[in-house]
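Atoms within each ligand, like the ligands themselves, are counted from 1 in listed order. Only this structure's heavy atoms are used, side chains among them; waters, hydrogens and symmetry mates stay out.
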Amino acid sequence: MVRGARFAIAYGCAIELWKGMEEAMWQQAIEQALHILKNNIAGHPGKLPHITEGQRYEWGGNDDWIEGFYIGMMWLAYEYSGDAYYKEAAESFLPNFKDRLDRHVELDHHDIGFLYSLSAVAQWRTTRSEEARAVALQAAEKLCGRWRPGMGAIQAWGVEGDPDNGGRIIIDCLLNLPLLFWACEQTGDRKYYDIAYRHARKSLKFLVRGDGSSYHTFYFDPSTGHALRGGTHQGYEDGSTWTRGQAWGIYGFALAYRYTKDAAFLDASKRLARYFIERLPEDYVVYWDFDVPLEPGTPRDSSASAIAACGLLELLEWLGDSDPDRESFEKALRQSMYSLSTNYAEASHSKAEGLLRHGSYHVRGNRAPDDYMIWGDYYYLEALVRMQKGIRGYWYE
Ligand code: GLY
């Protein structure tokens with residue numbers, strides 16, 4: 001056999017070996033995650049995890065923006081394992097989510113999308129439950145109630161006319177839009193699509209900066225729609241780039257592209273991804289803001305890296321084989337997921353309730369600066385099951 005051919009065979013074998021090792025690694029990470037999730041479901045029946053300090057979750061009711069993530073994890077676990085335990089646990093929460101909508105409990109914010117995409121829509125996508133579909137459509141209708149025609153966007157926080165937040169959008173909202181795109185597909189009513197599309201265009205114009213960085217929030221005059229200024233809520237300072245916001249943008253614009261095929265959204269997602277990847281620290285898991293001065297103990301945000309990994313997985317579906325970004329996006333995805341699973345993930349034998357250590361919620365506001373974040377757990381699991389089994393989460397069919 002000639003030398004070149006021997007080399008090609010050896011190289012091929014090495015690649016196969018590496019692929020096998022990688023698959024075993026992701027499988028082990030998923031099994032660890034499912035073990036922790038099962039313990040949580042059994043240990044806190046009927047309860048939902050809240051953001052808590054001290055590396056633990058507090059367990060309670062359905063009154064924040066985050067409760068859907070826990071239910072979404074149950075659906076991912078069910079799809080991955082086929083174990084009906086997770087399905088039954090997830091289904092048992094639907095009346096609770098319906099009741100929250102009916103009574104309008106803490107829903108004066110746009111995160112209705114996060115809450116109901118991962119609970120009611122996930123249930124409908126997985127089981128075709130008509131009951132879940134009806135709850136999801138009710139939620140989409142409520143989200144539409146936050147459309148402000150004067151501003152031409154969805155108001156992020158507070159009631160209409162709120163003096164601080166009446167004219168404010170935030171980049172996180174991009175992940176709330178799939179609920180509206182889904183509602184349009186289900187009902188044929190264009191209003192849902194138009195609101196989502198116009199909001200995404202507004203976000204692109206005002207939240208994404210020329211160098212591929214992003215504002216967390218932007219203010220408009222709510223009655224005239226006149227653009228006022230960019231700013232931040234959870235980032236380091238007004239002009240800085242909050243890493244989780246950047247990650248919401250990567251994933252959110254890629255999803256907006258999936259639904260609309262507007263090439264500007266794909267381009268935005270790629271630019272945000274490049275900015276994110278070019279600034280990864282040595283262990284490939286980001287600090288909480290790209291502009292924060294680094295010193296010993298500067299908090300990370302593992303949840304931002306988990307969200308970005310899901311965004312990269314989505315982006316990679318849309319890039320051609322010869323796309324110049326493909327190689328660096330694939331590499332960054334693997335490096336980040338490897339680091340998350342080896343340096344940040346809890347082992348299944350520990351008593352941990354969270355999957356990922358070192359997430360941060362609101363460092364500047366000193367709220368949970370270095371703790372478990374349930375959305376970090378959700379996106380970490382979403383990325384793992386997508387890489388391992390092609391299960392894609394609940395943002396689209
Ligand atoms: N969407 C709120 C946050 O990312 O903290």
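Interface of Tyr361 with ligand 1, defined as ligand atoms under 4.0 Å from a residue heavy atom, comprises 5 (O). Here is the list of ligand 1 atoms found below 4.0 Å of a heavy atom in Gln234: 3 (C), 5 (O). For ligand 1, the atoms lying closer than 4.0 Å to a non-hydrogen atom of Trp242 are 3 (C), 4 (O), 5 (O).
Between Trp182 and Tyr396, the gap from one ring centroid to the other reaches at least 6.0 Å. Between Trp375 and Trp65, a ring centre-to-centre spacing shorter than 6.0 Å is recorded.
Between Asp172 and ligand 1, an N or O atom pair is found at a separation short of 3.5 Å.
A 4.5 Å side-chain heavy-atom check between Lys142 and Tyr116 finds every atom pair outside the cut-off.
The one candidate from Trp242, Phe253, Phe114 that meets the ring-ring contact (aromatic ring centres under 6.0 Å, His included) condition with Trp248 is Phe114.
Side chain to side chain, Ser305 and Arg300 fail the donor-acceptor criterion of an N or O pair below 3.5 Å.
With a 4.0 Å heavy-atom cut-off, ligand 1 is reached by the side chain of Arg244 but not by its N, CA, C or O.
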